[in-house]
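Report on the structure given below.
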Amino acid sequence: MSVEHVQARAAYADSVTLLQVSRRVGEVDGVLAAFVAMGTELNLDLVREMGFLIPDSAGANDLLIAIRADDDTALHAARAELDAALAPSPRTEGGHAEAAPRTTGSALRRHHADLVLVSVPGQFAFAEATDALDAGSDVMVFSDNMPIPQEIALKRRAAESGRLVMGPDCGTAVVGGAGLGFANAVQSGPVGIVAASGTGAQQLLCLLDAAGVGVSACLGVGGRDLSEAVGGLSTTAAMDVLDADPATELIVVVSKPPAASTAATIRARAASLGTPVVVGLLGAGEPDLTALAEAVLAQLGRDVPRWPMWGASGVPRAGALRGLYSGGTLCDEAMLIAADALGPVYSNIALRPDWALDASLRHGGHVMIDFGDDALTRGRPHPMIDPTLRLDRLGAEAADPAAAVVLLDVVLGHGAHPDPAAEIVPAVTSATDAGLQVVVAVIGSRGDPQRTAVQAERLAAAGAAVFASNAAAARHAVALVQR
């Protein structure tokens, strides 16, 4: 008989930390379910859906803890892991613990910082980011779900003070040689990247790394920056920052499909800069991310390598293509390639309104799902950290006679799952044994802690065809379906 522990503590921790804590507790032997998050209405509803009884007093300022385990021994071990994961590491001065500052502004008055990373629930991110700007710092807003009017106001405020806002929903950046958010381990070099996409930036970083080219910086600006409403406010500011950087010899702008008016603004700004700019804005008729990397290498006078691949595919059964992605830009890229060859591709981030999936995320035709979309990550770890939802869907596709080929991305680097192959390989083996062909794009650098080549080789040994280029993986999957 299972046992439970439910508690609402008067405490706070940021969302990234709590995602990692939930995973650590959930991996304890004998734990059936674990959820550690701030007690927002959404999270309270999610915990109720998991069957837990929540204290009536629990609220948004409480740390909500819910654990279900096989027995008391497992529950005790889970609580010990929780306490260890949440244990404070106070800074000391003269042998006494230094009280933590209570606001971003007070922290910056104590110790100025050139860059502040904001990772709080989206409704609170604007206040903290404004605090940072007013203190004279640039800001990276990792948080998502900030209302667009607040994003616009924040970026206009930054422009007035000559500061830079990266985000909101900025998942990847490299600043001063340090990776922030989900970032790959890459060397310093001549290329400065401005990215309105997280996994698009990571694909570009990793392909350049495979070609022996490093970066001076990667400045993420958030996925909505190139929308018509925001108008590229941070993209143009970031381009100006890199143009003034003597270490940057070439600027690259990469984005998921932008608004046409904003794309024109970005191209006009690029033409006005003293530093050469290569613009890569995904869309119909535009170059894919691998072609963008090759254009960068050509601009630098570098040879284009043979992009790595591992394994091979068998003969697929007749049926449809199914893409199960953790990266929205990689999903966009794959859909553009597939739709050009196969026709309609249905998705939760559809290229066209009439190709949108309903809430079931099911369709008998070609389907690609972005499991990193906000609607699928509310109250749960991002699929780069926890592949559970994707692996459940992979099992369902293996059992679906209408599916022939499944296309996956596996994104490595700091912040991502420490060993994704350990969880994905059994599911790939089962799928290939059932007659499904599996194609994987592994997005990783030579220096990533997961060891990119090792991850790829393990996936290939399980029967998958593995590519370092997402575009090459998508074209291979399309060719299998056509075959």
Smallest separation among heavy atoms of T432 and A462, with atom names: OG1-O, 3.4 Å
For D138 and V175, run side chain to side chain contact (heavy atoms under 4.5 Å, CB included): C-alpha distance rounded to whole Å, both residues' side-chain angles, the deciding distance at 0.1 Å, then the answer. CA-CA 11 Å; D138 295 327; V175 179; over 6 Å; no
State whether E286 and R267 are salt-bridged, where the test is any N-O pair (Lys NZ or Arg NE/NH1/NH2 against Asp/Glu carboxylate O) under 4.0 Å. yes
Determine whether a donor-acceptor pair (N or O, by modelled atom type, separation under 3.5 Å) exists between the side chain of T40 and the backbone of N43. yes
Which residue is it: V139, L115, L117, T172? I am looking for the one with a side-chain contact (heavy atoms from CB on, under 4.5 Å) to M166. L115
Count the heavy atoms of every other residue, nucleotide or ligand shown that sit under 6.0 Å from CG of D303, and state whether that count exceeds 12. no
Note, I443 side chain near V410 side chain (heavy atom, < 4.5 Å): no
Tell me if a side-chain donor or acceptor on R23 pairs with a main-chain N or O of I385 at a distance below 3.5 Å. yes
Could you check if a side-chain atom of V174 sits within less than 4.5 angstrom of a side-chain atom of L180, using non-hydrogen atoms only? no
Interatomic distance, CG@L164 vs CG@D240, rounded to 0.5 Å, equals 10.0 Å
Applying side chain to side chain contact (heavy atoms under 4.5 Å, CB included) to L376 and L361, what does each step give before you reach the verdict? CA-CA 11 Å; L376 298 180; L361 299 182; 4.1 Å; yes
Do the side-chain N and O atoms of W310 and Q455 include a donor-acceptor pair separated by under 3.5 angstrom? no
Pair D288 + R475, salt bridge at N-O below 4.0 Å: yes
Indicate yes or no for a side-chain donor-acceptor contact from S137 to the backbone of L133 under 3.5 Å, with no hydrogens or angles considered. no
Between atom CG of L282 and atom OG of S197, what is the distance when rounded to the nearest 0.5 Å? 7.0 Å
Under 3.5 Å, is there a donor-acceptor pair between the D433 and S430 side chains? no
Tell me, do T130 and R157 make a side-chain contact under 4.5 Å, heavy atoms counted? yes
Does R446 reach the side chain of T452, with side-chain heavy atoms less than 4.5 Å apart? no
Hey, could you give me the OH/CG distance between Y325 and L408, rounded to the nearest 0.5 Å? 8.0 Å
Identify each donor-acceptor pair in which a side-chain atom of residues 182-194 lies under 3.5 Å from a protein atom, sequence neighbours left out, and give them as a table.
unit_1, atom_1, unit_2, atom_2, d
N184, OD1, Q202, NE2, 3.0
N184, ND2, L412, O, 3.0
N184, ND2, D448, OD2, 2.8

Would D409 and R390 count as a salt bridge (Lys or Arg N to Asp or Glu O under 4.0 Å) here? Give the steps. CA-CA 10 Å; D409 63 338; R390 286 207 299 164; 2.8 Å; yes
Heavy atoms of other groups near R317 CZ, more than 12 under 6.0 Å: yes
Which heavy atom of S326 sits nearest a heavy atom of D370, and at what distance? O-OD1, 3.8 Å
If we ignore hydrogens and angles and just use 3.5 Å, is the side chain of T265 paired with the main-chain N or O of S261 as donor and acceptor? yes
Side chain to side chain contact (heavy atoms under 4.5 Å, CB included), that's the test. Do V252 and V277 meet it? Break it down for me. CA-CA 6 Å; V252 185; V277 182; over 6 Å; no
Approximate separation, where rounding is to 0.5 Å, of T236 OG1 and L226 CG: 9.0 Å
Residues E333 and N470: side-chain donor-acceptor under 3.5 angstrom: yes
A34 and V25: which non-hydrogen atoms are nearest, and at how many Å? CB-CG1, 3.8 Å
Do K155 and D225 have side-chain heavy atoms sitting under 4.5 Å apart? yes
List in chain and number order the residues that pass ring-ring contact (aromatic ring centres under 6.0 Å, His included) with H476, two or more places apart in sequence or in another chain; answer none if no residue qualifies. F467
Tell me, with the steps shown, if M146 and R224 meet side chain to side chain contact (heavy atoms under 4.5 Å, CB included). CA-CA 11 Å; M146 178 187 286; R224 300 185 306 200; 4.3 Å; yes
Minimum-distance pair of heavy atoms, taken over all atoms of A129 and V141: CB-CG2, 4.1 Å
Show the nearest heavy-atom pair for residues A153 and F126, with the distance to one decimal. CB-CE1, 4.2 Å
Under 6.0 Å from the CD atom of E27, do we count more than 12 heavy atoms belonging to anything else shown? yes
Please report the interatomic distance CD(Q450) to NE2(H414), rounded to the nearest 0.5 Å. 8.0 Å
Tell me, do L324 and F371 make a side-chain contact under 4.5 Å, heavy atoms counted? yes
Return yes if some donor-acceptor pair links the side-chain N/O of E151 with the main-chain N/O of G222 below 3.5 Å, else return no. no
Is there side-chain contact between I424 and R458, with heavy atoms separated by less than 4.5 Å? no
Check K256 with D332, please: is the shortest side-chain N to carboxylate O separation under 4.0 Å? no
What's the shortest heavy-atom distance between A434 and A398, and which atoms? CB-O, 4.0 Å
Within a radius of less than 6.0 Å around CZ of R156, do more than 12 heavy atoms belonging to other residues, nucleotides or ligands occur? no
Any E423 side-chain heavy atom under 4.5 Å of L391 side chain: yes
By the ring pair (Phe, Tyr, Trp, His ring centres under 6.0 Å) test, which pairs, at least two apart or in different chains, include something from residues 196-222? none
Roughly how far, to the nearest 0.5 Å, is the OG atom of S227 from the CG atom of L233? 9.0 Å
Verify, without hydrogens or angle tests, whether E397 (side chain) and V406 (backbone) share a donor-acceptor contact under 3.5 angstrom. no
